[in-house]
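Worth saying up front: this structure is predicted, and the values here are computed from it rather than measured. Values below: all heavy atoms of this structure, side chains included; hydrogens, waters and symmetry mates excluded.
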Amino acid sequence: MSVAAIFQHPLGRLQLSSLPFYQMLQDPTQANLINGSIGGFAASLVVIGAIVVIALITYYGKWRVLWTQWLTSLDHKKIGIMYVVLALVMLARALIEAVLMRAQQAWGLGGGFLSPDHFAQLFSTHGTIMIFFVAMPFLTGLINYVMPLQIGARDVSFPVLNSISLWLTVAGAALVMVSLVLGQFSTGGWFGYPPYTETAFSPGVGPDYWIWALTVAGLGSTLTGINFAVTIYKERAPGMTLLRMPLFTWTALCTAILMIFALPPLTVAMGQLALDRYLDFHFFTNGLGGNQMNFANLFWLFGHPEVYILILPAFGVYSEVISTYSGKALFGYRSLVMATMAIAILSFTVWLHHFFTMGQNANINAVFGIASMLIGIPTGVKIYDWLWTMFRGRVRYATPMVYALGFIVLFVLGGMTGILLANPTIDYQVHNTVFLVAHFHNVAVPGVLFGMLAGYHFWFPKAFGFRLNERWGIFSALCWTFGFMLAFFPLYVLGIMGLPRRSVAYTQAAYAPLEMVAFIGALVLSMALLALLIQLWVSIRDREQNRVPVGDPWGGRSLEWAVSAPPPEYNFAVIPVVNDRDAFTAAKEFGLGYQEPDQYVDITLPRNAAMGPVLGALGFALAFALVWHIWWLVIIASLAVMATMIVRGFARHTTKTISADEVRQEHRHWLHTVRNTNAITRADERTTANRGLAVVELATAEVTP
């Protein structure tokens, strides 16, 4: 393309017809009016929401605070909170899309109200958002916040890289949100199989939005995996051997290793598909040497380890929750560690079961079918260990425990259907039906989403210094549990009846009643999300009555509970020395939980850095320009990215020092709070008497710390 052509069309492919309501205005048929109104309403929500947020920040004069204390912060705890906020915002959109899809299929017998393209966009964006922009940032946020505290570290090994990873993920999410306003998203599913996503079949911007959103976010996740792995290997407190690490940290380590090795195949596949679309390469076309199966292998070489990237941190959360709320050390700690490592290894050996029906020979199918069944063994070990942990424990049915119990029941059912699908002969019968949709959600929702929400409730008091409202929390957990069953159990029956997945409509009346039940389930799930929002509002309103400044409201067992709530920026006044697996429980039992150290030292921390948000903004601009072929912006954004990295390379004042006197003063103030707080038993855990100091309950006596 010549320079003249670049400036002749400065906005590339962007034009008035890119607006979601344009076709409705040009051709006001009933179908266009319905779909255009829905698209226009969604776009207006995004635009109005952004305007309201900007206006509120401006009205309250919080831009400087937001920039200096949050957006440019390198504190792993604040970065973790921002990841979780992003995940919850994207969850709201993905759930609304799910309700729309269920509504369309509930009335699908008469054709429904959505056009096929609109419906295809919904299931593509729903899957993409839930995998890459809800589950991934949620688990990354929890690991970011908790893992350094659990291993007794001050921060992650590469704080600036941590910020860059966050903002690249935000850039990818923003690109997906912008697709609601300008153009449309891909209709090729969250897996984007060519040749359908090649230019010949999908010449619009949808596949490009999908490619660049996943590329930008995937790069951020790869960097995160490197950062987490190095942190766990190098930053552990003295005495914390690998077999003294909490289970959540173990799952974080295995997840990080999976990220490092599983995400590059996705990046390669995205790059090759982009070359096909932009430069007329033929990696995945039907002719000129291309082979679509290469994409399938690359994508699922990422895609199945990705399932365990999502599920392993949730397993870690359940391990912490079940142990804490049972008042017992984890049963079978070593077997849980070995099972976690076995799952991580086996996850790379099963990718081909995602295309049993695509033509490879029976021997290959048999090998991958056996491998797929084998991965159920270490998962079963975990289930039994959690059950034995609860056995004869003093189980408290707090909100995180309700999620954990719902997970155990539902996940076992989902796992059993997974064993069925691991049999190639059964898979041939139900492969492209909603049976598979039910199975995947049966492991992903209770396994991943319930785990993340359990972690959110479990560690919220640590992050913000006050407890969440328990009644609304349990109500929401029950809505998630029973809403899930209503929404997805009918799909098993519909799949056996032969309903193809991704069907915008159907002609068999027998499908309609079960589809209506599934729609009601989606509405209950919407109530669950609404209850979460109400819980947050009520909890913030009543925060003074529910403060837990001491920092141990549940009788926690690991080091994150050994500091104030919220923790200081430097985490620990003095790096702890670990002598036991449940480090904080052991310290409390020996009366050493809240001791003043012999001496304090100066603490060096990284200064705030603008590199993360700047690279995130430039990454978004570059990706947006590539989507719309705005080549001058591509050039400017690329040069700006390089300039930003060069400028950062010349930065010299990159650290700050907190004096020993300041650390001493803050730590003594906290110890004074501890001494003036009454320890509470489990019976008072949900009352206003809980100020974050739990009674130490031994086998023969109760000792107040």
### Task
For Asp580 and Ala583, indicate whether the former's side chain and the latter's backbone hold a donor-acceptor pair under 3.5 Å.
no
### Summary
Thr389 and Ala329 have their tightest heavy-atom pair at CG2-O, 3.9 Å
### Query
Measuring from Tyr83:OH to Ile143:CD1, what's the distance to the nearest 0.5 Å?
10.5 Å
### Message
Is it the case that the side chains of Lys382 and Ser319 hold a donor-acceptor pair, with the cut-off being a distance below 3.5 Å and no angle test?
### Response
no
#### Entry: Polar side-chain atom of Arg686 near backbone of Glu470 as donor-acceptor pair, under 3.5 Å
no
### Query
Does Phe440 have its ring centroid less than 6.0 Å away from the ring centroid of Phe488?
no
### Message
Using ring centroids (six-membered ring only for Trp), state whether Tyr456 and Phe460 fall under 6.0 Å.
### Response
yes
### Message
Looking at Lys78 and Gln69, would you say the former's side chain and the latter's main chain have a donor-acceptor pair under 3.5 Å?
### Response
yes
### Summary
Pro613 and Ser163 have their tightest heavy-atom pair at CD-OG, 4.0 Å
### Task
Return yes if some donor-acceptor pair links the side-chain N/O of Arg236 with the main-chain N/O of Gly152 below 3.5 Å, else return no.
no
### Message
Using every non-hydrogen atom in the two residues, find where Ala565 and Pro461 come nearest and quote the distance to one decimal.
### Response
CB-O, 3.3 Å
### Charged tip of Arg581 within 45° of Tyr333 ring normal and under 6.0 Å
yes
### Query
Would the Phe407 and Phe450 ring centres measure less than 6.0 Å apart?
no
### Query
Counting distance only, does the side-chain N/O of Asn546 pair as donor-acceptor with the main-chain N or O of Phe466 below 3.5 Å?
no
### Phe458 ring center near Trp561 ring center (under 6.0 Å)
yes
### Spacing of CG belonging to Leu91 relative to CZ belonging to Arg93, to within rounding of 0.5 Å
12.5 Å
### Task
For residues Phe331 and Trp386, establish whether the separation of their ring centroids is below 6.0 Å.
no
### Message
Centroid separation under 6.0 Å, is that true for the rings of His441 and Phe484?
### Response
no
### Message
How about CZ on Arg541, more than 12 heavy atoms from neighbouring residues, nucleotides or ligands closer than 6.0 Å, or not?
### Response
yes
### Message
Taking side-chain contact (heavy atoms from CB on, under 4.5 Å) as the criterion, tell me which of Met240, Met147, Gln150 meets it with Ile232.
### Response
Met147
### Task
Look at the rings of Phe475 and Trp472 and say which category their plane angle falls in: under 30° parallel, 30 to 60° tilted, over 60° perpendicular.
perpendicular
### Query
Which is it for Glu560 and Lys462 under the salt bridge (Lys or Arg N to Asp or Glu O under 4.0 Å) test, yes or no, and what are the steps along the way?
CA-CA 8 Å; Glu560 75 268 28; Lys462 175 58 60 179; over 6 Å; no
### Passing candidate, ring-ring contact (aromatic ring centres under 6.0 Å, His included) with Phe248, options Tyr318, Phe315, Trp459
Trp459
### Query
Counting only heavy atoms not in Lys62, do more than 12 sit closer than 6.0 Å to its NZ atom?
no
### Query
Going by atom types alone, do Glu662 and Tyr600 pair a side-chain donor with an acceptor below 3.5 Å?
no
